[in-house]
Every structure is written in structure tokens, then in C-alpha cells.
Amino acid sequence: VQLQASGGGLVQAGGSLRLSCTASGRTFGSYCMGWFRQAPGKEREFVARIKWSGGSINYADSVKGRFAVSRDSTESTVYLQMNSLMPEDTAVYYCASSLIVTTRPADFNSWGQGTLVTVSS
């Protein structure tokens with residue numbers, strides 16, 4: 001499966017962005033889709049995940065209550081709605097797919113190219 005992430009940009013603290021991840025290639029009805037982020041000088045970290053069926057939604061503690069993950073099976077797209085953004089959310093955001101329900105980056109076998117989110121204070 002090939003993944004294309006988009007929707008990043010520059011936003012002020014308190015603002016919102018919606019990231020999209022469109023999949024192409026093999027069908028991925030049973031895949032787990034994840035969002036990760038990597039800030040400069042830091043390791044890639046888990047943000048959110050969702051099964052393509054819509055279940056098994058999970059969030060990192062740092063984004064709970066502010067971010068929401070969803071999917072549109074008809075458009076083969078997964079979304080990450082990010083609200084109440086903070087400067088510490090600044091990072092390159094990646095979408096990825098896995099054959100198992102997991103939050104570990106190492107378990108995700110296909111990755112999008114990343115989209116930069118910058119939150120100014």
C-alpha cells in the first residue's frame with residue numbers, strides 16, 4: 001500500500017488543522033492505520049491509531065481530548081483532526097499502516113512521506 005499524507009501547515013497556538021492520509025495500491029480493509037510525529041532532535045512517537053473497520057481507536061496521552069482520528073472507507077482516507085494546537089505539537093506528521101493492531105512504529109510496514117505541522121506561540 002502507498003500512503004500520501006497532506007494537510008500540514010503553519011498555525012497559531014490554539015488553532016486547528018486536519019491531516020489527511022490517502023491510501024492506494026493493495027486494499028487495506030484489515031489494516032491498522034496510525035499517525036506518528038517526529039519533532040527535531042526527537043524520536044518518532046505514536047499519536048493515534050484506528051483500524052480500517054473503525055474500531056481500536058487509541059491516542060497518545062499528550063493528544064487525548066484534542067486530536068481525533070477517523071477514516072472514510074469510500075475515499076480510502078484516514079484523517080487526524082487536531083484542535084487546541086500547542087507549540088509542542090510542532091513536528092513532521094506521518095501516517096502508516098500495519099497488519100496488526102499496535103502503537104509501535106516498528107510494527108508499521110508502510111509509511112507516508114510526512115507533512116510538517118508548525119504551531120507558533
Side-chain angles (χ1 to χ4, degrees):
V1 60
Q2 292 78 47
L3 303 174
Q4 179 76 31
S6 62
L10 174 64
V11 63
Q12 289 188 331
S16 298
L17 282 174
R18 188 177 78 159
L19 306 183
S20 301
C21 176
T22 301
S24 61
R26 290 180 57 188
T27 59
F28 60 118
S30 60
Y31 280 37
C32 173
M33 301 297 295
W35 285 99
F36 295 83
R37 65 186 182 187
Q38 187 166 18
K42 295 187 177 180
E43 292 187 353
R44 191 168 297 188
E45 65 174 359
F46 167 76
V47 175
R49 70 136 195 254
I50 185 170
K51 284 182 66 176
W52 196 241
S53 63
S56 296
I57 292 176
N58 193 15
Y59 299 99
D61 288 343
S62 59
V63 306
K64 280 181 181 177
R66 301 188 298 122
F67 290 12
V69 63
S70 62
R71 90 283 183 265
D72 184 333
S73 59
T74 62
E75 295 186 358
S76 299
T77 301
V78 176
Y79 301 99
L80 184 67
Q81 177 67 42
M82 306 186 295
N83 301 322
S84 302
L85 283 161
M86 302 184 292
E88 47 265 48
D89 294 317
T90 295
V92 177
Y93 283 70
Y94 299 89
C95 61
S97 68
S98 172
L99 291 173
I100 61 174
V101 179
T102 179
T103 61
R104 299 198 316 157
D107 292 329
F108 285 77
N109 53 289
S110 294
W111 291 81
Q113 84 288 2
T115 184
L116 177 62
V117 173
T118 304
V119 184
S120 63
S121 57

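Not measured: the values here are computed from a predicted model.
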Novice: Are the side chains of Ile50 and Trp35 in touch, meaning some heavy atoms are under 4.5 Å apart?
Specialist: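 SC-SC contact between Ile50 and Trp35 ruled out.
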
Novice: Evaluate Val101 against Lys51 for side-chain contact (heavy atoms from CB on, under 4.5 Å), listing each step before the verdict.
Specialist: CA-CA 7 Å; Val101 179; Lys51 284 182 66 176; 3.6 Å; yes

Novice: Are the side chain of Ser98 and the backbone of Asp107 linked by a donor-acceptor contact shorter than 3.5 Å?
Specialist: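 Confirmed, Ser98 side chain pairs with Asp107 backbone.
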
Novice: Shortest non-hydrogen contact from Leu17 to Gly7?
Specialist: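 What the structure gives for the nearest pair is CD2-O, 3.9 Å.
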
Novice: Any side-chain heavy atom of Gln81 sitting closer than 4.5 Å to one from Ser16?
Specialist: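 Yes. Closest side-chain heavy atoms under 4.5 Å.
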
Novice: Are the side chain of Arg37 and the backbone of Thr90 linked by a donor-acceptor contact shorter than 3.5 Å?
Specialist: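 Looks like no, no N/O pair under 3.5 Å.
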
Novice: Decide yes or no for Met82 and Leu19: does some side-chain heavy atom of the first lie under 4.5 Å from some side-chain heavy atom of the second?
Specialist: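 Of all side-chain heavy-atom pairs linking Leu19 with Met82, at least one is under 4.5 Å.
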
Novice: Go through it in stages, so that I can follow the logic: the residues are Val69 and Ile57, the test is side-chain contact (heavy atoms from CB on, under 4.5 Å), and I'd like the CA-CA distance, side-chain angles, deciding distance and then a yes or no.
Specialist: CA-CA 8 Å; Val69 63; Ile57 292 176; 3.7 Å; yes

Novice: Linking I/L/V/M/F/W/Y whenever their side-chain heavy atoms sit closer than 4.5 Å, directly or via other members, would Phe46 and Phe67 fall into one cluster?
Specialist: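 No, no single cluster joins them.
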
Novice: Which atom names give the shortest non-hydrogen contact between Val1 and Ala23, and what distance separates them?
Specialist: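 Answer, listing the atom of Val1 first, then Ala23: CG2-CB, 3.8 Å.
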
Novice: Determine whether Arg49 and Ser56 satisfy the following criterion, side-chain contact (heavy atoms from CB on, under 4.5 Å), listing intermediate values before the conclusion.
Specialist: CA-CA 7 Å; Arg49 70 136 195 254; Ser56 296; 4.0 Å; yes

Novice: Decide yes or no for Gln2 and Ser110: does some side-chain heavy atom of the first lie under 4.5 Å from some side-chain heavy atom of the second?
Specialist: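 Gln2 does not reach Ser110 side chain to side chain.
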
Novice: Under the side chain to side chain contact (heavy atoms under 4.5 Å, CB included) test against Leu80, which residue among Val63, Thr115, Val47 passes?
Specialist: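 The option that passes is Val47.
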
Novice: Can you check whether Gly65's main-chain N or O pairs, donor with acceptor, with Tyr59's side chain at less than 3.5 Å?
Specialist: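 No; judged by distance alone, with no hydrogens or angles, the pair does not exist.
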
Novice: Do Arg71 and Tyr79 form a cation-pi contact, if we require the NZ or CZ to be under 6.0 Å from the six-membered ring centre and within 45 degrees of the ring's axis?
Specialist: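 So Arg71 doesn't make the cation-pi contact.
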
Novice: Please find the pair of heavy atoms, one from Val78 and one from Trp52, that lie closest to each other, and give the distance.
Specialist: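 Of all heavy-atom pairs spanning Val78 and Trp52, the closest is CG2-CZ3, 3.0 Å.
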
Novice: Hey, is the main chain of Glu75 close enough, under 3.5 Å, to the side chain of Thr77 for a donor-acceptor pair?
Specialist: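 Here the side-chain-to-backbone pair exists.
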
Novice: Val92 and Gly114: which non-hydrogen atoms are nearest, and at how many Å?
Specialist: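 Smallest heavy-atom distance, with atoms named: CG1-CA, 3.8 Å.
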
Novice: Would you compute the distance between atom OH of Tyr93 and atom CG of Leu116 and round it to the nearest 0.5 angstrom?
Specialist: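 It is 10.0 Å, given to the nearest 0.5 Å.
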
Novice: Quick check: does any side chain N or O of Arg66 sit under 3.5 Å from a backbone N or O of Ser84, one acting as donor and the other as acceptor?
Specialist: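 Yes: the side chain of Arg66 pairs with the backbone of Ser84.
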
Novice: Using 30° and 60° as the class limits, which term best fits the ring planes of Trp111 and Phe36: parallel, tilted or perpendicular?
Specialist: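 Because their plane-to-plane angle lies in the 30° to 60° range, the rings of Trp111 and Phe36 count as tilted.
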
Novice: Provide the closest heavy-atom pair for Met33 versus Phe108 in the form atom of the first, atom of the second, distance.
Specialist: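 Smallest interatomic distance, heavy atoms only, reads C-CE2, 4.1 Å.
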
Novice: Please name the pair of heavy atoms, one in Gln38 and one in Lys42, separated by the smallest distance, quoted to 0.1 Å.
Specialist: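 So the two residues come closest at NE2-O, 3.1 Å.
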
Novice: Can you check whether Ala5's main-chain N or O pairs, donor with acceptor, with Gln113's side chain at less than 3.5 Å?
Specialist: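 Yes, the answer is positive, given that a donor and an acceptor are paired below the 3.5 Å cut-off.
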
Novice: Rounded at 0.5 Å granularity, tell me how far CG in Leu3 sits from OG in Ser20.
Specialist: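 That separation rounds to 12.5 Å.
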
Novice: Between Val11 and Thr118, is a side-chain contact (heavy atoms from CB on, under 4.5 Å) present by the stated rule, with each step listed?
Specialist: CA-CA 6 Å; Val11 63; Thr118 304; over 6 Å; no

